Amino acid sequence: MPVNTRRTVLSTAALTLALSALVLTESAHAAKPVGSGQGASTDEKGGGDEKGIYAAARIQYSGAVAKGGGRGNVTSADVNWTPPPCWYAPYLGAKDFKKKMSKDIDTSKNTPGMTGHAGAAIGEMERHYEDDFGWADNPGYKDYNVEKDGEGMFWAGVENPDETDYLKRKSCTDLPFWVDNGEPPPPQHEEAITPEMLAALAYQHMQLPDTKVTLAPEANTKVNLPTWAWLDEAVFDEVQATAAINVPGFNIQATTTAAPKSLTLDPGTEDASTIPADGECLIVDGRIGEPYAKGKSEETPPCGIVYRRSSNGGTFPLKAALTWEISWTGTGQAGPIGMPDGTIEVVQDITVEEIQSVNR
């Protein structure tokens with residue numbers, strides 16, 4: 001394949017500009033998944049329209065995923081961990097890609113004002129896909145690779161719709177590139193979708209059961225008397241969410257698993273102490289905390305709170321954060337791989353009253 005080094009600077013920089021003007025007019029993005037609820041299945045896909053191009057391979061979600069395909073309710077305990085803001089995924093076969101891309105190129109060439117570097121870049125993009133024009137790490141294609149139709153797919157960029165950072169979300173700007181069936185994407189495209197990325201996306205969409213801490217006394221407690229806290233045993237089931245891509249010649253999947261680890265209590269006031277002192281109640285014998293029972297009023301609970309003053313007619317916001325241990329398995333992995341713990345936090349209003357003395 002011929003490589004024109006004289007025009008390399010224009011090719012690498014201006015072609016990216018042309019890509020923005022041409023194939024990303026409506027922004028490359030992964031459309032919001034639709035349908036589904038917890039325990040159901042949902043799809044996240046791309047597509048194309050008269051103005052834009054973006055990866056069409058569906059990411060199929062199943063298991064404990066958020067309704068409507070939105071972000072789940074789990075917060076990573078590692079503030080520096082984030083799911084991928086964008087990625088590259090299979091888009092179209094050669095004949096369909098030629099039909100779409102050649103139409104977009106013709107439209108852009110005839111757009112008023114498409115001159116200078118942008119106009120030149122559109123011309124080079126046309127040569128790139130039609131006339132085997134390539135440059136460093138970017139081989140050209142003859143007639144959009146139609147002779148290999150059915151033997152692979154062109155891949156393109158996909159935005160993570162839940163990424164709030166605009167620049168990160170739009171950072172997958174490489175021109176669509178060809179990948180043969182059964183072969184890995186070229187290594188220079190570091191954001192090409194992988195099982196590990198799918199695991200992170202499953203994490204992002206995971207919907208865990210709401211945390212409801214049972215208290216005794218419930219809602220209303222007394223100053224200096226221990227309030228017992230525990231979780232229902234049903235909370236301790238493992239929860240799984242799976243993300244997968246299945247297209248001809250490319251099939252990968254990852255399952256992210258969450259298992260309860262500990263419960264952390266924050267009384268909502270400095271005039272209180274937690275049991276244990278650090279507020280973290282660990283799993284013991286398959287449960288967190290111990291249900292209160294008659295005859296235990298003089299005992300110290302394994303998990304609980306002691307308030308030192310009343311709430312004066314109001315309430316204290318008791319925060320309960322359940323930490324889940326997260327791991328994943330997937331295509332090509334022999335065993336579970338750890339991920340940052342996840343947390344779910346709920347707030348329960350607690351009324352604290354003084355113990356009334358009886359004067360005789």
Side-chain angles (χ1 to χ4, degrees), residues 27-47 54-90 157-166 168-169 171-172 191-211 235 237-247 250-261 321-331 333 336-346:
S27 87
H29 69 283
K32 282 276 189 181
V34 295
S36 94
Q38 186 165 319
S41 174
T42 183
D43 292 339
E44 182 172 270
K45 65 177 182 176
Y54 45 97
R58 293 173 179 265
I59 294 183
Q60 300 170 323
Y61 294 92
S62 59
V65 293
K67 290 182 179 180
R71 181 186 289 271
N73 64 346
V74 190
T75 301
S76 172
D78 182 354
V79 296
N80 295 315
W81 180 89
T82 58
C86 66
W87 57 89
Y88 297 105
V158 183
E159 292 181 14
N160 185 337
D162 295 308
E163 172 57 59
T164 57
D165 189 310
Y166 178 85
K168 289 182 179 179
R169 194 172 68 242
S171 61
C172 293
E191 295 84 8
I193 195 71
T194 63
E196 185 176 6
M197 289 182 178
L198 288 179
L201 292 169
Y203 189 148
Q204 185 179 44
H205 288 278
M206 180 176 276
Q207 186 75 18
L208 295 178
D210 292 335
T211 302
V235 173
D237 295 334
E238 286 189 347
V239 177
Q240 292 186 329
T242 296
I245 289 183
N246 296 291
V247 296
F250 188 76
N251 303 276
I252 61 172
Q253 65 85 31
T255 295
T256 298
T257 300
K261 181 179 180 181
L322 182 59
T323 297
W324 296 72
E325 188 172 34
I326 313 290
S327 62
W328 72 276
T329 59
T331 304
Q333 296 297 335
I337 298 173
M339 303 179 77
D341 288 344
T343 60
I344 298 178
E345 184 177 275
V346 295

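Quick caveat: nothing in here was measured; it's all calculated off a predicted structure.
- When all heavy atoms of S171 and Y88 are compared, the closest pair comes out as O-OH, 4.5 Å.
- Between A241 and A64, the closest heavy-atom pair is CB-O, 3.7 Å.
- Atom CD of Q333 and atom CD of E196 lie 8.0 Å apart (nearest 0.5 Å).
- Counting only distance, with no hydrogens or angles, the side chain of S76 and the backbone of V79 share no donor-acceptor pair below 3.5 Å.
- The shortest distance between side-chain heavy atoms of I252 and L198 falls below 4.5 Å.
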Next on the checklist: Between L201 and I59, does the side chain to side chain contact (heavy atoms under 4.5 Å, CB included) criterion hold? Intermediate values first, please.
Outcome noted: CA-CA 9 Å; L201 292 169; I59 294 183; 3.8 Å; yes
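- Atom CD of E191 is surrounded by more than 12 heavy atoms from other residues, nucleotides or ligands within 6.0 Å.
- Contacts of P85 classified as side-chain contact (heavy atoms from CB on, under 4.5 Å), with partners at least two apart in sequence or in another chain: E163, K168.
- Taking all atoms of both residues into account, the shortest heavy-atom contact from N160 to P84 is ND2-O, 2.9 Å.
- Taken from CG in D210 to CG in N73, the straight-line distance is 6.5 Å, to the nearest 0.5 Å.
- Looking at heavy atoms from C-beta onward, T242 lies in side-chain contact with Q253 at the 4.5 angstrom threshold.
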Checklist entry - Could you go step by step and tell me if E345 and T75 meet the side chain to side chain contact (heavy atoms under 4.5 Å, CB included) rule? => result CA-CA 9 Å; E345 184 177 275; T75 301; over 6 Å; no
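- For the pair P209 and V239, the minimum side-chain heavy-atom distance is below 4.5 Å.
- The heavy-atom pair separating D78 from P340 by the smallest distance is CB-CB, 3.8 Å.
- Of the possible donor and acceptor atoms, none in the side chain of H205 sits under 3.5 Å from a partner among the backbone N and O of Y61.
- Considering only heavy atoms from C-beta on, I245 stays 4.5 Å or farther from Q60 through its side chain.
- Atom OG1 in T256 sits 9.0 Å away from atom CD in Q240 (nearest 0.5 Å).
- We find the CZ-SG distance between R169 and C86 to be 10.0 Å, quoted to the nearest 0.5 Å.
- In terms of heavy atoms, A254 sits closest to P195 at CB-O, 3.2 Å.
- Side-chain contact between Q207 and K67: absent, with no pair of heavy atoms (C-beta onward) separated by less than 4.5 Å.
- Annotation: the span from W324 atom CH2 to L322 atom CG amounts to 5.5 Å, rounded to 0.5 Å.
- Here CD1 of I193 is found 7.5 Å from CZ of F250. Values are rounded to the nearest 0.5 Å.
- The aromatic ring centres of W81 and Y203 sit less than 6.0 Å apart.
- Heavy-atom minimum distance, G342 versus I326: N-CG1, 3.7 Å.
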